[in-house]
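Inspection log for the structure reproduced underneath, given as structure tokens.
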There are 2 protein chains.
Amino acid sequence: MAKTRKVTNPLALAVLAWLLVEPMHPYELGRRLKESGKDSAIKYNRGSLYMVVEQLRKAGFVTEQETLRDTRRPERTVYALTGEGREELYDWLRELVAQPRREYPQFGVALSLLSVLEPADAAELLDRRLTTLGEEADETRATVRAATEGGVAWVFLIEEEYRLALLEAEHRFVTGLIESLRQPDYIRTWHEVFGNRQ
Amino acid sequence: MAKTRKVTNPLALAVLAWLLVEPMHPYELGRRLKESGKDSAIKYNRGSLYMVVEQLRKAGFVTEQETLRDTRRPERTVYALTGEGREELYDWLRELVAQPRREYPQFGVALSLLSVLEPADAAELLDRRLTTLGEEADETRATVRAATEGGVAWVFLIEEEYRLALLEAEHRFVTGLIESLRQPDYIRTWHEVFGNRQ
DNA sequence: GGGGTCATGTAATAGGTTACATGATTCT
DNA sequence: AGAATCATGTAACCTATTACATGACCCC
């Protein structure tokens, strides 16, 4: 089901969603994405934006509506959502909500190779991570608070709440992990088995 | 600091780590990655493997050690870790452990656009997600249990424990979210504001 | 009125995935 | 012996990121 999508970059989903509101040109899409803060959940960069818009056009999900050649600014092409684009938006979004996709977080990679590091070293590095995780959680809470006080409804902030939940979970996990790495048993065994390699 | 790395694909980190054990050819690397189950934490596919090995060679982190032309099998090139490769392995791994990187999970994208969906629909889709999340958590627990009973040390399973911690956190988060979506207040407001679009 | 930076887009390059190819082994 | 599968690698094709280009506006 996911395999049959003609465009897979998540940025394209955001484009479809914004075009649901009204037709606009790519640069404007990018501007709104940043202004609304959604670029913290969606990896955004201008080059990719023009690319996905072109992909969406080829796939028939958007159409060129008009090209403004108002002499003052570079020529801008305005795109509009098509019927198929609307369908794709709902279908894709509903799939993403209902079905967890397997992800490969970088920290998972690091953990899967953690036995390479000397236990004391690993524990100290994880301590540093804890500090940063705490700071990021604080920043996220501050963002949410500021937005809420500015009148933004909670539904437009759930991705931040989600991020916070993950940060907190990771914090707890790392705290426990550090403790395990400091068990004398593990330290001794590690030096017996891998010590020669360091 | 991360920007200066010559190779960035995490698969390359795993390659460096395995070559620390002994020199081997790419196919063998792939086989061990799968056998050890580390391919659940690291996105692995054969094409990418040959690509990153070549990148590592160009960067001077590995060298061609010999080419076996034992007539029975396709020609295989054995690669060995260089001094620089060893340095890079430790440096990269330590960075990954100590510093959280910003990630863009697909579910975050979906959440950032959740207001597009009708509340009742969204809640029902999230219910389905809960079921799958529970199943995945169960599978992960089973994997860990089986491996532990088979004598695998906990340190080789931490990435699974991490995955489990994230799955559980997401489960709790989604449970709460469903409740919020079912508040009459939200349902009414949504229909007032977005109802015309559906 | 020249130096930054905003607005907008295109082109060049690098990265990653899928598809293809081919000899060896094993199975029935 | 032919079919299926394993072992191994290369090539073609997409995707994504970076770098480049260019006119307008803004500020002392």
Side-chain angles (χ1 to χ4, degrees), chain A residues 2-15 23-35 39 42-59 61-62 64-79 101-104 106 109, chain B residues 2-15 23-35 39 42-59 61-62 64-79 101-104 106 109:
Chain A
K3 265 296 118 103
T4 58
R5 304 228 175 270
K6 297 194 190 127
V7 187
T8 57
N9 188 331
L11 184 56
L13 188 65
V15 168
M24 61 189 98
H25 56 93
Y27 194 91
E28 173 76 10
L29 280 163
R31 209 162 50 70
R32 295 207 188 177
L33 221 71
K34 293 195 89 158
E35 269 181 21
D39 63 332
I42 298 169
K43 184 145 58 166
Y44 163 66
N45 95 30
R46 269 221 341 291
S48 311
L49 180 58
Y50 286 93
M51 187 204 21
V52 303
V53 168
E54 177 58 15
Q55 288 172 183
L56 289 171
R57 194 194 55 75
K58 279 193 196 144
F61 297 144
V62 305
E64 278 185 41
Q65 187 180 264
E66 56 178 336
T67 300
L68 301 180
R69 45 176 63 262
D70 138 15
T71 34
R72 310 177 311 132
R73 290 290 161 72
E75 208 171 78
R76 296 164 295 174
T77 306
V78 174
Y79 293 88
R101 317 280 301 114
R102 180 168 269 285
E103 317 254 1
Y104 298 87
Q106 305 246 358
V109 177
Chain B
K3 264 298 116 103
T4 58
R5 304 228 175 269
K6 298 196 190 126
V7 186
T8 57
N9 188 330
L11 184 56
L13 187 66
V15 168
M24 61 190 100
H25 55 93
Y27 194 92
E28 172 77 10
L29 281 162
R31 208 161 50 70
R32 295 209 189 176
L33 221 70
K34 293 195 90 159
E35 269 181 20
D39 63 331
I42 298 168
K43 183 144 59 165
Y44 163 65
N45 95 29
R46 269 221 341 288
S48 310
L49 180 58
Y50 285 93
M51 187 205 22
V52 301
V53 168
E54 177 58 14
Q55 288 173 182
L56 289 171
R57 193 193 56 75
K58 279 191 196 144
F61 297 144
V62 305
E64 280 185 42
Q65 187 180 263
E66 55 176 336
T67 301
L68 302 179
R69 45 174 64 263
D70 138 16
T71 34
R72 310 176 310 132
R73 290 288 162 73
E75 207 170 79
R76 295 163 297 175
T77 305
V78 174
Y79 293 88
R101 317 280 301 112
R102 181 168 268 285
E103 317 254 0
Y104 298 86
Q106 305 248 351
V109 177

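Look at A:Asn9 and you'll find a side-chain N or O under 4.0 angstrom from OP1 or OP2 of D:dA16. Under 4.0 angstrom from either OP1 or OP2 of C:dG16 there lies no side-chain N or O belonging to B:Lys43. Residue A:Ser48 places none of its side-chain N or O atoms closer than 4.0 Å to OP1 or OP2 of D:dA16.
Nucleotide D:dA21 holds its C1' atom 15 Å from the OH atom of A:Tyr27, rounded to whole Å. Regarding A:Tyr44, its OH atom lies at a distance of 13 Å from the C1' atom of D:dT17, rounded to whole Å. Taking atom NZ on A:Lys6 and atom C1' on D:dT15, their separation rounds to 18 Å, with Å as the unit. In this entry the distance linking CZ of B:Arg5 with C1' of D:dT17 reads 19 Å, nearest Å. In this structure, the CD atom of A:Glu54 is 12 Å from the P atom of C:dA11, given to the nearest Å. When rounded to the nearest whole Å, the span between CZ of B:Arg31 and P of D:dT5 equals 19 Å. To the nearest angstrom, P of C:dT10 lies 11 Å from CZ of A:Arg57. What separates CZ of A:Arg76 from C1' of C:dT10 is a distance of 17 Å, to the nearest Å.
Comment: B:Arg31 engages B:Glu28 in a salt bridge, judged by a side-chain N to carboxylate O separation of less than 4.0 angstrom.
As judged by a 4.0 angstrom heavy-atom cut-off over every strand, B:Lys58 is placed among residues making no nucleic acid contact.
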Please determine whether side-chain contact (heavy atoms from CB on, under 4.5 Å) holds for the pair B:Gln55 and B:Phe61, giving the CA-CA distance in whole Å, both sets of side-chain angles, and the decisive distance to 0.1 Å. CA-CA 9 Å; B:Gln55 288 173 182; B:Phe61 297 144; over 6 Å; no

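Among the nucleotides C:dG9, D:dG9, C:dG15, the one closest to the side chain of A:His25 is C:dG9. Out of D:dT17, C:dG9, C:dT17, the shortest distance to the side chain of B:Asn45 is found at C:dT17. The side chain of A:Tyr50 has C:dG9 as its nearest neighbour among C:dT17, D:dT8, C:dG9.
Nearest heavy-atom pair, A:Met24 versus A:Leu29, reported as atom, atom and distance to 0.1 Å: CG-CG, 3.8 Å. Nearest approach of B:Tyr79 to B:Val62, heavy atoms of both residues: CD2-CG2, 4.0 Å. Smallest separation of non-hydrogen atoms from B:Leu49 and B:Pro26: CD2-O, 3.2 Å.
For the helix from C:dG1-D:dC28 to C:dT28-D:dA1, the angle separating the two terminal helix axes comes to 20°, with each axis derived from five pairs and the value rounded to 10°.
Here salt bridge (Lys or Arg N to Asp or Glu O under 4.0 Å) pairs that include residues 47-57 of chain A, with residues two or more places apart or in two chains, are A:Glu54-A:Arg57.
Taking the side-chain contact (heavy atoms from CB on, under 4.5 Å) definition, one finds that A:Ala14 meets it with A:Leu33, A:Ile42, sequence neighbours left out.
Nearer to the 5' terminus of DNA chain C, by closest-nucleotide assignment, is the contact made by B:Met51 (compared with the other of B:Met51 and B:Arg46).
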